[in-house]
Amino acid sequence: MNTTADHLLDGLLTANFSYRSCRSRYEFAGYHKTSSHKPSPYLISKLRKQEALQKRCGPGTAAYNKALRRLDSGDGTDAADNECRYLVNIAFRGLGNRMLSVASAFLYAVLTERVLLVHWGKDDAASLFCEPFPGATWLLPRATWHSPLRNLDDYNEKSKESLGNMLQSGAIIDGNNNNNNVSWPSSPPGYVYLHLAGGYGYHDKLFYCGAHQRLLGEVTWLLMRTDSYLVPGLFLTEPFVGELDAMFPEKDAAFYHLGRYLFHPSNDVWRLVTGYYRSNLAAATHRVGVQIRVFHDKQPPQQVLDQLLSCVRNEKLLPETTTTTTAAAAAANDTSSSSSVAVLVTSLSSWYHERIQDKYGGGGVHVHQPSHEGRQRSGVTAHNMKALSEMYLLSTCDVLVTSGFSTFGYVAQGLAGRRPWVMESASPFDEWKEGQVFAPEPPCRRAPSVEPCFHSPSYYDCAARKDVELDRVRPYIRRCVDVSWGIQLVNESSSGCRCLRADACHHRRPLPSPLISTSPAPAWPSLPEPPLPTRLVVQEYQAASGSHHSHVLRTATFPTKTAKHVVA
């Protein structure tokens, strides 16, 4: 196969791979429309440099074996004495969470010149993805019984090796209680665990401070556990700002480039994608992707359907129809029209597909659903293969309607490079009460960018030593439309209202620069004085999981009531 600039995504990919070993790598572009987002020359140069690092220092090399022996022996030699440094990503939860986690860890590895190694747990990553680095693996080899890398799934917020607990225990010297003056007592440890999962505490969040990044730079091995898209947090970390500005002139295209570079479905998954696309979507002149994720088993599906249909109707995403159910069924297979619309529905339930078919099927509109698994089964390879194929099928659509909080939808929109219409979802943690009605108005909102939402950012400003309004620190940071306390990257040239609702903007008060503190530094980070109408996070703690996820319970104080929110 003769590769072109289109196949290589304008230089994002290298041609140093066999076409047959991973067909999706070079066929991906043919299933997506040309985008205005182009990778910067600096990003391309950083990717080629990272590939060389992975090959020189990855598993199977002399440098890796030497670093591994030192780690297993407990040698805390300064990283400057080692030829290579490493970042081990501990991916967990659903496939969408894992992909966002890996993309975040990869960017951090590039910024800090570390080899990225991914621990997928019990999931069979090789059945899902091709290797992204030529001549090297991104998968962490099985560790020996006495290695710190052996039981990675056991690391959590209580682990004594975590950055947060080391800061609290005195294993890291905090000079004069000043976060800008931190150091190791003698030599750095062999490794540090970074607990960056939802619900992490104040000390763990100091990861985003420049002084702590300099400290971590002296450690050969870092172990990172997260279930979130940390990239907006890295854009707020002072030592990385210049590099990230050069790598991503278009801030709202970070995951668009990272996801397309890293994630290439295996040949088995790609056959699912291309086979279904050719049979059901290729002939359509317009494709609408609908992703439905319901977090409450007790929520009446009719409420979700009504919200979806209102969104589609209000935004004119599908042609209005008065076709009866009988006529729709009769016309469902009619492909004689020169202009047709394909609706791709992804949901664990088949009920929504059937109702959308009843409403819109026929008259040139064809409704499809690749699978309906009934429930999420994280860790089951066959289930994950279907999920991954449906993310990629959604990414081929011209229009996307997604469910709030859903990392599945985030990945699809990022790969597509399309701003979705996002349907607000009921809080995944709050108990669903008998007779409860959930009918948000408007039923959906257009996301300000294609970027995933960072569900659990740190509001702490390291220089000012206090919490701040993050969407006022940088022009390219904005609140998410589906998670009020989350943040996402947007195009710097975007202007206008930054409120969750456009009609609430007049309530906001101007704030002084959050980077300048005129009061003495508090012993503990104080809460900011937020603008009306909302007061940000007051309390945060880990809550027990429901059926599929553990969640972060946050209490946000409003002028007239208190409401609890959850990160899914």
Side-chain angles (χ1 to χ4, degrees), residues 42-59 61 63-64 67-68 70-71 76-91 100-119 132-133 136 138 140 148-149 161-164 166-167 172 182-184 188-196 204-226 228-248 254-255 257-258 261-262 454 458 462:
Y42 190 65
L43 172 60
I44 293 173
S45 70
K46 295 290 284 187
L47 294 176
R48 301 293 90 85
K49 183 177 180 181
Q50 184 69 24
E51 290 165 358
L53 176 65
Q54 299 278 156
K55 188 174 182 178
R56 185 178 73 252
C57 297
T61 64
Y64 178 82
L68 194 61
R70 285 187 169 184
L71 174 67
T77 304
D78 192 306
D81 297 331
N82 289 306
E83 180 182 351
C84 308
R85 297 182 301 165
Y86 300 86
L87 174 67
V88 178
N89 172 253
I90 307 172
L100 297 180
S101 164
V102 171
S104 303
F106 173 69
L107 181 57
Y108 181 66
V110 170
L111 291 168
T112 56
E113 299 182 355
R114 293 179 178 273
V115 173
L116 172 68
L117 297 171
V118 177
H119 169 69
F133 309 123
W138 65 341
L140 179 71
L149 303 179
E161 302 89 355
S162 74
L163 174 65
M166 293 177 78
L167 285 166
I172 295 175
V182 292
S183 61
W184 301 111
Y191 72 101
V192 172
Y193 166 61
L194 304 172
H195 184 74
L196 302 176
D204 286 310
K205 290 177 180 178
L206 293 178
F207 166 83
Y208 296 104
C209 293
H212 297 78
Q213 281 301 321
R214 287 188 288 274
L215 191 73
L216 293 172
E218 301 173 11
V219 181
T220 302
W221 290 84
L222 296 179
L223 317 180
M224 175 187 288
R225 179 179 174 88
T226 184
S228 297
Y229 182 64
L230 308 180
V231 172
L234 299 178
F235 272 84
L236 291 168
T237 304
E238 197 58 42
F240 303 145
V241 171
E243 283 283 287
L244 289 170
D245 280 346
M247 291 166 66
F248 301 103
F255 184 79
H257 295 314
L258 293 173
Y261 173 81
L262 279 175
F454 179 16
S458 170
C462 306

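The figures here come from the full heavy-atom set of this structure, side chains too, leaving out hydrogens, waters and symmetry mates.
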Can you see which heavy atom on R225 is nearest to which on I90, and at what distance?
NH1-CG2, 3.6 Å

Main-chain N/O of F207 paired with Q213 side-chain donor or acceptor, under 3.5 Å
yes

Do you know the tightest heavy-atom contact between V182 and H212?
CG1-NE2, 3.8 Å

What one should report as the nearest heavy-atom pair of Y208 and L234 is CE2-N, 4.2 Å

In sequence, state the C-alpha distance, the side-chain angles, and the governing distance for Y261 and L43, and then conclude on side-chain contact (heavy atoms from CB on, under 4.5 Å).
CA-CA 11 Å; Y261 173 81; L43 172 60; over 6 Å; no

Gap between atom CD of E161 and atom CG of L223 - 0.5 Å precision
8.5 Å

Distance-minimising heavy-atom pair for T220 and R114
O-NH1, 2.9 Å

For Y42 and A246, work out which heavy atoms get closest and say how close.
CD2-CB, 3.5 Å

Is there a side-chain contact between L258 and F106 (heavy atoms, below 4.5 Å)?
yes

S101 side chain to T226 main-chain N or O, any donor-acceptor pair under 3.5 Å?
yes

Within the structure provided, determine whether L262 and W138 are in side-chain contact (heavy-atom separation under 4.5 Å).
yes

Do the non-hydrogen side-chain atoms of L216 and L194 ever get within less than 4.5 Å of each other?
yes

Is there a side-chain contact between V231 and F454, using heavy atoms and a 4.5 Å cut-off?
no

4.5 Å side-chain heavy-atom contact, Y108 and N89:
no

Between R85 and E218, is there a donor-acceptor pair closer than 3.5 Å when you use the side chain of the first and the backbone of the second?
no

For P189 and V192 the tightest heavy-atom approach is CG-CG2, 3.8 Å

Kindly say whether the aromatic ring centers of Y86 and Y191 come within a distance under 6.0 Å.
no

To the nearest 0.5 Å, how far apart are NZ in K49 and CD1 in I44?
16.0 Å

Report yes if some heavy atom in the side chain of M247 is under 4.5 Å from a heavy atom in the side chain of V110; otherwise report no.
yes

Matching residue for L107 among F255, F248, F240 - test: side chain to side chain contact (heavy atoms under 4.5 Å, CB included):
F248

Go through it in stages, so that I can follow the logic: the residues are H257 and L47, the test is side-chain contact (heavy atoms from CB on, under 4.5 Å), and I'd like the CA-CA distance, side-chain angles, deciding distance and then a yes or no.
CA-CA 11 Å; H257 295 314; L47 294 176; over 6 Å; no

Taking the side chain as C-beta and beyond, is there a heavy-atom pair between L244 and L111 under 4.5 Å?
yes

CD (E113) and CD (Q50) are apart, to the nearest 0.5 Å, by 8.5 Å

Is any side-chain heavy atom of Q54 closer than 4.5 Å to one of L116?
yes

Rounding to 0.5 Å, atoms CG (L196) and OG (S458) come to a distance of 10.5 Å

